[in-house]
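See structure below.
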Amino acid sequence: MNSLLCTEALVYSAGQRTLIDKVSLRLEPGEMVALIGPNGAGKSTLLRLLTGFLPPTAGRCLLDGQPLAAWPAQTLSRRRAVMRQQAQLGFDWPVEDVIAMGRAPWEADPNPALVRELMQLTGCVTLAGRSWQQLSGGEQQRVQLARTLAQLWRDGQPEGYLFLDEPTSALDLYHQQHLLRLLQGLTRRAPLHVCMVLHDLNLAALWADRLLLLHEGQLVSQGSPETVLQAPVITRWYGADVQVGQHPSSSAPQVFLTR
Ligand SMILES: Nc1ncnc2c1ncn2[C@@H]1O[C@H](COP(=O)(O)OP(=O)(O)OP(=O)(O)O)[C@@H](O)[C@H]1O
Ligand SMILES: [Mg+2]
């Protein structure tokens, strides 16, 4: 089935402030999108709207033609998963149980073999048996990735919409590469859409099919990495002085700060 998540002139206001300002976009399975923009641009707020955790002030957010608010909670949980910027858990569970928590929309008693498979996939095998509170920030991020994939897992692959808010912020080089290769591979072979907030423009350029640049709640630029990551565009919206070159082994643009 062809699926589509789209917004039409989406607006979100808090008090006097318009945090999201008439954003219209389309997200489809098979694609990896990076949501970029300066601090406070509204990226996390947009993610909350796209996942149904915030109701729009105006405009619409539709999954397969139906407003998110019209979806029964359990059905929606089977269709989209979210990894937040800061994952706080109020309890100290073993890693396996945190990952198994992702299965809640599907089953009360998840198959341990599936949890092991997801740990393998996400580089969490060395964390087996450890307790959540004792994990490092990067280790917690890897476990959260496994939990979100568990939530979308269906017949041997993830299906639906995966939203990740700065999923690489605490990861070392190896795990950044591992996560992005994994997610790109999954969007190529499974009916999965990945929409991730990234501050690292060079990672976004290497792995995202499309970039969405948000500034003060408005979608000010979108398209391929080559279209969006141009020095004047970045300087205009981030205020940073940059030069844009090319990745040595791919055609992807790479952004360098100037001293
Ligand atoms: N409930 C709220 N009331 C008022 N302002 C809010 C509220 N929630 C968020 N904001 C403001 O809205 C703006 C956008 O916040 P948001 O967290 O979406 O930014 P962001 O693009 O994710 O930033 P960062 O890159 O720092 O994570 C910020 O200026 C924030 O202070
Ligand atoms: Mg944010």
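Order of appearance sets the numbers: ligands from 1, and atoms from 1 within every ligand. Values below: all heavy atoms of this structure, side chains included; hydrogens, waters and symmetry mates excluded. This chain uses plain numbering: 1 for the first residue, then up along the sequence.
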Give the atoms of ligand 1, by number and element, whose distance to some non-hydrogen atom of [X] is under 4.0 Å.
X: E166; answer: 25 (O), 27 (O)
X: N39; answer: 23 (O), 24 (P), 25 (O), 26 (O)
X: S44; answer: 17 (O), 18 (O), 20 (P), 22 (O)
X: A14; answer: 2 (C), 3 (N), 4 (C)

- Answer yes or no: is there a side-chain heavy-atom contact under 4.5 Å between L179 and Y174? no

- Query: Side-chain contact, heavy-atom cut-off 4.5 Å: E117 with W153?
  - Reply: yes

- Message: Taking CZ in R60 as the centre, count heavy atoms belonging to other residues, nucleotides or ligands within less than 6.0 Å. Is the count above 12?
- Response: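 No, the 6.0 Å shell around CZ holds no more than 12 heavy atoms from other groups.
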
- Any heavy atom of T45 under 4.0 Å from ligand 1? The part involved is both

Is there a donor-acceptor contact under 3.5 Å linking the side chains of [X] and [Y]?
X: R147; Y: Q144; value: yes
X: R210; Y: Q222; value: yes
X: D241; Y: T258; value: no
X: R26; Y: T7; value: no

- Give the residue and atom name of whichever protein heavy atom lies nearest to atom 7 (C) of ligand 1, and the separation in Å to one decimal. L19 CD1, 3.7 Å

- Closest non-hydrogen protein atom to atom 27 (O) of ligand 1, residue and atom name please, with distance? Q85 NE2, 3.0 Å

- Message: Just to check, does H199 reach to within less than 4.0 Å of ligand 1 when the distance is taken from its heavy atoms?
- Response: yes

- Query: Looking only at non-hydrogen atoms, which of S169, A41, G40 approaches atom 13 (C) of ligand 1 most closely?
  - Reply: G40

- Item | Shortest heavy-atom approach to atom 20 (P) of ligand 1 - which of K43, H215, R17 | K43

- Query: For ligand 1, is there an N or O atom under 3.5 Å from any N or O atom of G42?
  - Reply: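 For ligand 1, there is an N or O atom that lies under 3.5 Å from one belonging to G42.
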
- Give the ring-plane orientation class for F163 versus Y161, where under 30° counts as parallel, over 60° as perpendicular and anything between as tilted. parallel

- Would you check if the Mg ion (ligand 2) lies under 2.8 Å from any N, O or S atom of N39? no

